[in-house]
K.L.:
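Dropping the structure in here first, questions after.
Reminder, nothing fancy here: chain letters follow the sequence lines and each chain counts from 1.
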2 protein chains.
Amino acid sequence: MADEAGVSRMTVSRVLRGGHLVRAPLQERVFAAVKKLNYRLNVSARALAGSGPSRVGLVYSNPSQAFLSELLTGALKESSKLGMQLTLTADADSHDRTSEIESLLRSGVTSFLLPSPACDAPDVLELLREAKARWVAISPANLEIHPFSVSADHFDIAGRMTARLIELGHRRIGFIAGDPASKGGAERLRGHLRAMASAGIAECPVEQGYFTFQSGLEATERLLKSTAACTAIIACNDDMAAAAISVAHRHHLNVPEDLTIVGFDDTPIASIVSPAITTARQPIAEMAQSAIRMLHAAAMAGEADENKRTQKVLPCTLIERESSAGPREQPLPEAALS
Amino acid sequence: MADEAGVSRMTVSRVLRGGHLVRAPLQERVFAAVKKLNYRLNVSARALAGSGPSRVGLVYSNPSQAFLSELLTGALKESSKLGMQLTLTADADSHDRTSEIESLLRSGVTSFLLPSPACDAPDVLELLREAKARWVAISPANLEIHPFSVSADHFDIAGRMTARLIELGHRRIGFIAGDPASKGGAERLRGHLRAMASAGIAECPVEQGYFTFQSGLEATERLLKSTAACTAIIACNDDMAAAAISVAHRHHLNVPEDLTIVGFDDTPIASIVSPAITTARQPIAEMAQSAIRMLHAAAMAGEADENKRTQKVLPCTLIERESSAGPREQPLPEAALS
DNA sequence: CTGAAAGCGCTTACAG
DNA sequence: CTGAAAGCGCTTACAG
């Protein structure tokens with residue numbers, strides 16, 4: 001490897017650790033060689049020689065399998081690239097959680113990946129702080145309390161979703177909010193309202209939902225009964241969007257001809273129901289990769305940047321499927337106006 | 001550590017690996033010292049010194065996320081326990097596949113986990129054999145060609161599913177087969193027919209399906225048209241079971257009151273449709289764990305057992321939900337007969 | 001059966 | 001900014 005790049009193994013090591021003290025041309029030679037040889041750092045050797053976090057603990061509590069698989073593939077790809085080893089821990093309840101973390105701590109793990117429910121638990125954070133461990137929170141409810149965090153940009157994607165519907169010609173757009181305790185749900189509502197305001201639309205019917213199919217059913221009924229009937233409904237997640245579709249069908253409304261319905265998260269139900277739901281995807285894999293990179297960088301920086309904080313927010317992707325279209329009473333297209 | 005026990009570190013190492021060539025008194029001294037010092041073997045050092053495969057490559061091609069997440073959690077848990085590192089590779093097509101494997105091989109990976117489509121590709125196996133790499137096939141189409149494999153017991157679970165329906169009182173049970181090219185599908189049919197035969201039921205209507213929703217629709221129509229109407233339908237996977245439910249509803253048959261419908265695999269659709277589908281779960285995580293353990297054991301055994309073969313078959317789990325019940329014209333319960 | 005030697009692939013700490 | 005040396009904790013292969 002060092003031969004391939006024409007440098008000493010020392011230089012290779014430095015480049016692979018961030019290469020702060022290596023000149024650009026040398027760095028490039030090393031990267032080229034890495035690529036050519038498909039070189040992978042030997043985790044065991046690194047761990048043995050004693051640098052960097054060689055093991056990172058990932059603590060998850062019953063997430064959806066879609067979420068988990070993306071999280072794992074993202075984390076695994078990045079960590080194998082950086083020569084870190086992932087150690088998994090699932091927990092059924094909060095008691096498991098702390099005891100699992102304690103045992104990881106005892107076995108020398110000092111870096112953690114904490115997806116949402118775990119990073120919101122005070123006892124977990126307490127434990128980690130005491131042990132002087134490092135963690136990055138993934139989609140935390142509260143950004144402020146975490147030195148490192150990665151989140152999806154719910155505000156932005158909700159705004160784009162609403163803007164898209166407005167662009168399709170919708171003006172009366174109903175919104176089914178998520179559980180009020182949810183940070184992501186609140187952000188989505190905020191993004192929606194901002195986009196409505198930007199378009200100069202004052203009337204914004206919002207009904208409270210709780211992310212469940214049942215709550216979606218009820219919220220949709222209320223929305224459809226309200227005086228000015230909507231031509232589009234934005235549900236704060238796919239389950240509620242699916243519920244909205246079923247209520248629409250019950251009322252003999254065709255989706256999307258009579259009513260556009262969209263959701264969020266791109267969960268399995270969004271592709272299974274008919275029509276397939278227009279929704280938005282969170283960049284879970286990228287979030288995990290980012291998180292691993294942050295852990296790595298932080299460990300490399302060492303004590304130096306002990307007070308550094310990083311909050312990363314990644315954009316979501318809009319996925320247009322069959323449940324959205326322009327409203328029946330289409331306003332004149334711009335071309336016709338000119 | 002060696003000092004504490006008054007022996008050489010070599011002896012310590014030998015004892016800790018099973019101590020076959022060490023005398024009892026020495027072994028006891030070592031164990032006592034281990035206990036006293038709370039000594040823990042350094043996995044990294046062991047891996048570095050070159051025992052066991054430290055890295056295993058996992059090659060997957062667009063599996064379902066549910067499958068992937070279980071496979072990864074299983075593989076990851078076991079490999080972190082054994083001090084092995086997992087390296088992931090996804091491929092979009094078969095060309096990717098071989099080139100990705102080649103690059104892993106070049107980087108020194110000699111142990112592979114090969115889930116189904118990859119382990120059935122002749123070019124992949126050819127590549128691996130040439131490189132003298134070791135692999136364990138997960139759910140291969142053909143067991144014979146793999147020295148190591150792990151599979152789910154489709155024959156057994158299908159038999160149990162059928163037996164359960166018979167126990168509920170069903171006699172006229174229709175079966176929608178899977179793609180004829182699928183090994184698992186064939187095994188399920190075989191298991192079903194065996195159970196029917198064991199119960200002395202001669203009439204076994206079987207319609208060909210292809211695992212798709214559409215094929216399930218058609219097969220169900222054919223099954224319902226056949227002279228002796230079934231009281232239960234076993235579809236070879238959940239998608240076809242969901243299709244069967246929708247056909248039943250179209251014919252104004254209530255599920256499960258008028259018709260029991262069951263599937264296999266416990267995919268998301270099974271819990272989303274109404275009624276939720278009775279199905280069976282494959283032990284994916286356990287299969288991955290087994291596979292990792294086999295890789296580890298094989299590497300430990302070394303050249304000695306070069307010709308050893310291991311085919312592991314794990315049982316599936318029956319999940320009874322809402323789509324199955326006894327038939328309407330319930331035969332007299334046994335108690336009433338006596 | 002037991003031990004002295006050499007090395008796994010990296011990194012730290014020390015020179016230039 | 002770059003490199004030569006020594007060592008992390010184990011194991012392999014070789015002597016006794």
Side-chain angles (χ1 to χ4, degrees), chain A residues 1-31 33-34 37-55 79-85 107-108 110 296-297 299-304, chain B residues 1-31 33-34 37-55 82-85 87 106-111 296 299-304:
Chain A
M1 170 63 208
D3 295 344
E4 175 70 30
V7 298
S8 75
R9 57 168 46 173
M10 238 349 291
T11 303
V12 172
S13 173
R14 272 195 271 259
V15 171
L16 262 26
R17 268 176 299 145
H20 288 305
L21 308 180
V22 182
R23 279 192 213 149
L26 275 193
Q27 294 215 31
E28 276 161 32
R29 291 230 300 275
V30 173
F31 283 128
V34 164
L37 271 46
N38 194 270
Y39 172 82
R40 296 306 184 95
L41 207 137
N42 181 316
V43 203
S44 302
R46 162 173 282 184
L48 188 53
S51 137
S54 56
R55 297 171 57 204
S79 55
S80 101
K81 204 180 292 173
L82 297 173
M84 298 158 76
Q85 163 139 260
S107 79
T110 58
H296 186 254
M300 284 316 187
E303 310 270 325
Chain B
M1 171 61 207
D3 295 344
E4 175 69 31
V7 298
S8 75
R9 57 167 45 172
M10 237 351 289
T11 303
V12 173
S13 173
R14 273 196 270 260
V15 171
L16 262 26
R17 267 177 299 146
H20 288 305
L21 307 179
V22 183
R23 280 193 211 146
L26 275 194
Q27 295 216 30
E28 276 163 30
R29 291 229 303 273
V30 173
F31 282 130
V34 164
L37 272 44
N38 197 266
Y39 172 83
R40 288 167 122 265
L41 202 137
N42 181 319
V43 192
S44 302
R46 163 174 282 182
L48 222 209
S51 127
S54 58
R55 296 172 56 205
L82 297 173
M84 299 159 77
Q85 163 140 260
T87 296
R106 224 174 302 124
S107 78
V109 173
T110 57
S111 295
H296 187 254
M300 284 312 194
E303 310 271 326

K.L.:
Could you check if a side-chain atom of A:Thr11 sits within less than 4.5 angstrom of a side-chain atom of A:Val22, using non-hydrogen atoms only?
P.N.:
yes

K.L.:
Among the nucleotides C:dT11, D:dT2, C:dT2, which one has an atom lying closest to any side-chain atom of A:Arg14?
P.N.:
D:dT2

K.L.:
Which listed nucleotide (D:dT12, D:dG3, C:dT2) is nearest to the side chain of B:Met10?
P.N.:
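Between D:dT12, D:dG3, C:dT2, the one nearest the side chain of B:Met10 would be D:dT12.
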
K.L.:
B:Arg9 or B:Gly6: which one's nearest nucleotide on DNA chain C is closer to the 5' end?
P.N.:
B:Gly6

K.L.:
Under a 3.5 Å cut-off on both pairing distances, which runs of 3 or more consecutive Watson-Crick or G-U pairs involve DNA chain C?
P.N.:
C:1-3 with D:14-16, C:5-12 with D:5-12, C:14-16 with D:1-3

K.L.:
Would you say A:Thr11 reaches D:dG3's phosphate, i.e. side-chain N/O to OP1/OP2 under 4.0 Å?
P.N.:
yes

K.L.:
Evaluate side chain to side chain contact (heavy atoms under 4.5 Å, CB included) for A:Val7 paired with A:Val30, printing each intermediate quantity in order.
P.N.:
CA-CA 8 Å; A:Val7 298; A:Val30 173; 4.1 Å; yes

